[in-house]
Amino acid sequence: MLPAVFSVLIIYQYAWHAPILDPLAEILAARHAVARISMADFEEDRWPGDRKADLIIVADAGTAVALRRTLPDATILHVGHGLISKNGPALSYHAADYVCVASSTVAERFTAQGHVPRRSYLSTGLIQSDPLFQDAPRERGVRVPGCAVSVVYAPTWTPLLSSAAMLGDDLVGLIRGSNEGIGIVIKPHPHIPISAPDWIERWRRLAERHVNVVLHPPEADLIPVLLGADLMVSDASSATFHFLALNRPIVLIDNPERFTSEISYDPDGIEWRWRDIGARVERVADLPAAVAAGLAEPDRHEPARLARRAALFGDFTDGRARDRVATAVDRILREGSGA
């Protein structure tokens, strides 16, 4: 039920956006009239259409595109949740008035590429990344019970870029070899149950068949899984660059079919330009050795990881992005009211 009066409307496209938007909503509710609604309810006219919010906040650029079609005069703030390209900024950032980014360097890179919001980028850091900079011990994250080592496998959902089909039914052996003492947490992207439900079923069977393998719910928050991991195996997922905040070893699988993806393959995106942050694997037969080497020598790619981490997050490594975004909201509302 929406309040009778509100100035800020926060729209949730997916349930997994809650860990991103809720911390901001809690801060804003203490100083502004805030309303929250799901995109499904919004689209079904379950909110009073005669009310106009001074600011609409979303966590997905695609949501901004949809809203711009129905509310052409709205002021929209996209607080961000992804860190890579996949040509997303080119296709969607223009729909928002403001877009929060991880650092000023990111804003400069997108601007140089011609991908700009209607008004400006806000260099605030990303709310989703805040817990990664708060020195939480690994034991507080998601780990495989009883295992001294936990590896997270977090593939992208995007066809032709994902490693999921490459690993297939051999995923467990290809990641840990014969060492059953290494725990594996499979963390699917929340889009995968819709885009590739057969992958979810395969991973469910693997978790049932093998010891120390856990399938984490796709809709669950990604960040606790990253906090608990000793090493990540991924491909072209934004999760890789969130994990970069922790400076832990990464193994990247290159899908050789990526070049045929006309929509999502961006050779200038950091997901392809910054592959030096970990060991690169194109032949899945080489994956067990790459994982073993990463666990045995976790500092091997550290210089590149730290350099890329600094370039990506800049000075915003204090875990307080939500405070900076809230301050930006205060300013936007103040300027909008003419105060």
Side-chain angles (χ1 to χ4, degrees), residues 84-86 144 149-189 192 195-196 198-203 205-207 209-210 212-215 225-226 229-244 248-305 308:
I84 59 176
S85 170
K86 288 188 185 176
V144 179
V149 175
S150 272
V151 173
V152 59
Y153 174 58
T156 186
W157 67 275
T158 311
L160 305 178
L161 304 185
S162 180
S163 58
M166 297 173 65
L167 302 188
D169 290 331
D170 298 325
L171 180 152
V172 175
L174 287 170
I175 288 179
R176 71 184 182 194
S178 60
N179 188 349
E180 293 186 345
I182 295 176
I184 299 175
V185 178
I186 304 172
K187 176 57 178 80
H189 189 285
I192 290 178
S195 65
D198 55 314
W199 295 355
I200 300 294
E201 287 307 309
R202 170 184 287 155
W203 295 333
R205 291 195 304 269
L206 291 175
R209 187 184 311 154
H210 296 275
N212 297 329
V213 177
V214 174
L215 174 60
V225 178
L226 302 187
D230 298 293
L231 178 145
M232 168 179 275
V233 175
S234 190
D235 34 52
S237 172
S238 188
T240 304
F241 291 92
H242 284 293
F243 194 65
L244 187 62
R248 297 175 193 167
I250 299 167
V251 177
L252 298 168
I253 303 172
D254 292 357
N255 188 329
E257 295 185 356
R258 63 189 180 276
F259 305 106
T260 65
S261 175
E262 297 179 0
I263 296 176
S264 300
Y265 176 64
D266 176 10
D268 292 324
I270 64 171
E271 63 267 32
W272 300 110
R273 289 177 52 241
W274 290 7
R275 304 296 272 185
D276 56 351
I277 59 175
R280 294 185 71 169
V281 171
E282 185 161 303
R283 294 187 331 118
V284 294
D286 297 330
L287 182 57
V291 172
L295 293 172
E297 301 178 68
D299 298 336
R300 177 180 291 188
H301 295 274
E302 184 176 55
R305 290 200 304 263
R308 301 303 192 186

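Predicted model, so just to flag it, every value in this text is computed and none were measured. For the single chain, residues carry numbers from 1 onward in sequence order.
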Look up atom [atom1] in [X] and atom [atom2] in [Y], then write down how far apart they are to the nearest 0.5 Å.
X	Y	atom1	atom2	value
E271	D266	CD	CG	6.0 Å
R308	R273	CZ	CZ	7.0 Å
M232	S237	CE	OG	6.5 Å
R202	L215	CZ	CG	13.0 Å
L167	L174	CG	CG	5.5 Å
D286	R283	CG	CZ	4.0 Å

Indicate the atoms forming the closest heavy-atom contact of [X] with [Y], along with that distance.
X	Y	value
I253	R275	O-NH2, 3.4 Å
E282	D254	CG-O, 3.6 Å
R248	D230	CB-O, 3.9 Å
A279	H301	N-NE2, 3.6 Å
S85	G269	CB-CA, 3.8 Å
R205	D169	NH2-OD1, 4.1 Å

So do [Y] and [X] actually touch side chain to side chain, heavy atoms under 4.5 Å?
X	Y	result
P298	L231	no
W274	D276	yes
Y265	T158	no
W199	P155	no
L244	R305	yes
K86	T156	yes
I184	V144	no
I84	I270	yes

- S234 versus T240, side-chain donor and acceptor atoms under 3.5 Å: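 Indeed, the side chains of T240 and S234 share at least one donor-acceptor pair under 3.5 Å.
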- Apply side-chain contact (heavy atoms from CB on, under 4.5 Å) to the pair I192 and I200, showing each step before the final yes or no. CA-CA 7 Å; I192 290 178; I200 300 294; 3.7 Å; yes
- Parallel, tilted or perpendicular for Y153 and W203, by the 30°/60° rule?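 The arrangement is perpendicular - the two ring planes meet at more than 60°.
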- Query: Does the N255 side chain pair with the main chain of S162, one donor and one acceptor, at a distance under 3.5 Å?
  - Reply: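 Yes.
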- Query: Hey, are R258 and D235 close enough for a salt bridge, meaning a charged N less than 4.0 Å from a carboxylate O?
  - Reply: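 Here R258 does not pair with D235 in a salt bridge, since their nearest N and O are not under 4.0 Å apart.
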